[in-house]
Protein chains: 2
Amino acid sequence: MTAAHDPRQNYLLAALPAGDLERVSKSLKLVELPLGEALYESGSRQPAVYFPTTAIVSLLYTLADGSSVEIAVVGNEGVVGVSLFMGGETTPSRAVVQSAGYAYRWFGKFLKEEFMLGGPMQHLLLRYTQALLTQMAQTAVCNRHHSVDQQLCRWLLLSLDRLVGNELVMTQELIANMLGVRREGVTEAAGNLQSAGLIKYSRGRIKVLDRAGLEARTCECYAVVKKEFDRLLPAMTQY
Amino acid sequence: MTAAHDPRQNYLLAALPAGDLERVSKSLKLVELPLGEALYESGSRQPAVYFPTTAIVSLLYTLADGSSVEIAVVGNEGVVGVSLFMGGETTPSRAVVQSAGYAYRWFGKFLKEEFMLGGPMQHLLLRYTQALLTQMAQTAVCNRHHSVDQQLCRWLLLSLDRLVGNELVMTQELIANMLGVRREGVTEAAGNLQSAGLIKYSRGRIKVLDRAGLEARTCECYAVVKKEFDRLLPAMTQY
DNA sequence: GAAGTTGTGTACGATAACGCACATAATCCG
DNA sequence: CGGATTATGTGCGTTATCGTACACAACTTC
């Protein structure tokens, strides 16, 4: 537990006025999120929300036949578990750690107390939820209209925005699960990007060589989501 | 303006305690929503929210190439314009009247005043927004994994739930826009349903003959969304 | 009731993604 | 070091949906 960890690594927390942050920090607990851990399952009661700092969390929907799709991704720009303050307590989605790292856990009791004050924290959480709504909607659109190639670019960029560095640890199999496509489809799409010199793939490690190239190749969906996050959460210059 | 119109025709408003409803009603204005009217456009400032009573409104995302997809549908179970109280003021989506009817308009000034009280109205609006989130996420999943036939069933059922009667006025062309597929694809899917005796199609009028049959034929997505609405908004027995 | 408009049915080749079956390659581990 | 495991690459035939073109049917208008 070194000085390297600070709640302000999460941009929602960082956007709080000093006094609010100090109060809130008392009930925050730093936790380590290992790759693959499920923060909550579909329909299960969520005791706490998580403010990621270095971790990335995917929100997934799983179908009866076992196939799944990522509907949103949350990193240090947001919070996992919006249903806790929206009032539903549970959601039909799962939250799985896509990239290991840290997050601050905040139990529902404290969250609800703070939320009911109607102050900056409430305001931030609601604005973030609206940004999340946009991300989900744009994902729906993208699923319908764009090629696996484009979606892979979008996914890489969204992940990259939430990481330090330019390398992500992720097998093609897992990416396929996120995008809701075949593993072979990802192999092919990744091969295309590699041939174009945009990424370097090697057994679960993807190094992004040409970020601008990815942006040029992806569909508009990435830009729409990014723009909306910037608009709604302007204090956050993580991108 | 006969006694036939009452704010309680909208289930969110109906779920308010009598005192709250009375206060809120003072600033509600009944408006007629003609087919095709846009309640707001992508990125435009929304001055008011709408609580539909007999109207149905589609939330659409439009892509740069002009193609569009419906990401959610709102009827008398909900409210159009959640970004007004979520804090964003605008969204990248459009809201278009899919079925003509009435709604109660509530201007942002009044909405925000009431919302800040933190009472039942805030609570209801947030729970509804969570239900909307689920609908959008499930739409994303459905777009990825299910056939046009199944999606048409889902769409018909969602519309039917928000209407009185068993007939909807809607051309195949418009349905195709909602689902983000070709018009011919809808023709084919509708033909299948008609052959199976589930619906009767005639030039922009669809009569549902066998609702149970549609439910049997659609994917799980319909049931997931319905169940979540029932759970989050239990006072509302519109289905 | 003739002409125009709008909505629906049908056909057919093109294409993107699928499901499946393997081959190969990198890494792990006893 | 050698065998097992995991990750990736490749090659099929199959399928759903697409894009395009056009025929026809029903309602509208004058």
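Note that the structure is predicted; figures quoted are calculated from it, not measured. Proteins get letters first, then strands, A, B, ... in listed order; numbering begins at 1 in each. Atom set for the values below is all heavy atoms of this structure, side chains included, hydrogens, waters and symmetry mates excluded.
Residue A/Q172 places at least one side-chain N or O closer than 4.0 Å to OP1 or OP2 of D/dG9.
Relative to the axis of its first five pairs, the axis of the last five pairs of the helix from C/dG1-D/dC30 to C/dG30-D/dC1 sits at 30°, rounded to 10 degrees.
Checked against side-chain hydrogen bond (donor to acceptor under 3.5 Å, both in side chains), A/T187 has the following partners two or more places apart in sequence or in another chain: A/Q172, A/R183. Under the side-chain contact (heavy atoms from CB on, under 4.5 Å) criterion, A/R231 pairs with A/Q130, A/E228, B/T90, sequence neighbours left out. Every residue two or more places apart in sequence or in another chain was checked for a ring-ring contact (aromatic ring centres under 6.0 Å, His included) with A/Y201, and none qualifies. Take A/L35 and apply the side-chain contact (heavy atoms from CB on, under 4.5 Å) test, not counting sequence neighbours, and it matches A/A100. Scanning for side-chain contact (heavy atoms from CB on, under 4.5 Å) contacts around B/L214 gives B/C153, B/L156, B/L157, B/L193, B/L198, B/I199, B/V208, with sequence neighbours left out.
A/G204 comes within contact range of the sugar-phosphate backbone alone, with a heavy-atom separation under 4.0 Å but no base atom that close.
Considering OG1 of B/T171 and CD1 of B/I206, their distance stands at 8.5 Å, rounded to 0.5 Å. The CZ atom of B/R144 lies 11.5 Å from the OG atom of A/S68; values are rounded to the nearest 0.5 Å. Rounding to the nearest 0.5 Å gives a distance of 8.0 Å between CD of A/E77 and CG of A/L233.
Residue pairs meeting the salt bridge (Lys or Arg N to Asp or Glu O under 4.0 Å) criterion with at least one member in residues 184-199 of chain A, sequence neighbours excluded, do not occur. Pairs engaging residues 36-49 of chain A under the side chain to side chain donor-acceptor pair (under 3.5 Å) rule: A/R45-A/E89, A/Q46-A/S83 [sequence neighbours left out].
If you measure from atom CZ of B/R183 to atom P of D/dG19, you get 13 Å, rounded to the nearest angstrom. What separates CG of A/L174 from C1' of D/dT8 is a distance of 13 Å, to the nearest Å. As rounded to whole Å, 9 Å separates atom C1' of D/dA7 from atom CD of A/E173. Atom P of nucleotide D/dC18 and atom CG of B/L179 are separated by 10 Å, given to the nearest angstrom.
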Atom pairs under 3.5 Å: protein N/O with N/O of nucleotides 3-6 of chain D:
unit_1	atom_1	unit_2	atom_2	d
D/dT6	O2	A/R203	NH1	3.4
D/dT6	O2	A/R203	NH2	2.6

Which atom pairs link the protein and nucleotides 12-17 of chain D when you take only N or O atoms and keep those under 3.5 Å?
unit_1	atom_1	unit_2	atom_2	d
D/dT17	OP1	B/V148	N	3.0

Using residues 54-65 of chain A as the side-chain source, report each donor-acceptor pair under 3.5 Å to any protein atom, sequence neighbours left out, with the distance given to one decimal.
unit_1	atom_1	unit_2	atom_2	d
A/T54	OG1	A/Y102	N	2.8
A/S58	OG	A/E70	OE2	2.6
A/S58	OG	A/Q98	NE2	2.6
A/T62	OG1	A/R94	NE	3.3
A/D65	OD1	A/S67	N	2.9
A/D65	OD1	A/S67	OG	2.6

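Residues A/S202 and A/E184 both approach DNA chain C. Their nearest nucleotides, taken by heavy-atom distance, put A/E184 toward the 5′ side. Summary of the strand contacts: A/T187 and B/G180 both lie near DNA chain D, and taking for each the nucleotide with the nearest heavy atom, the more 5' one is attributed to A/T187.
Looking at every heavy atom in both residues, B/M136 comes nearest to B/A72 through CG-CB, 4.1 Å. In plain terms, the two heavy atoms of B/N10 and B/P52 that are nearest each other are ND2-O, 2.7 Å.
Here chain A contacts DNA chain C (any atom closer than 4.0 Å to a heavy atom, that is under 4.0 Å), and the contacts span C/dA17 to C/dT27 from 5' to 3'.
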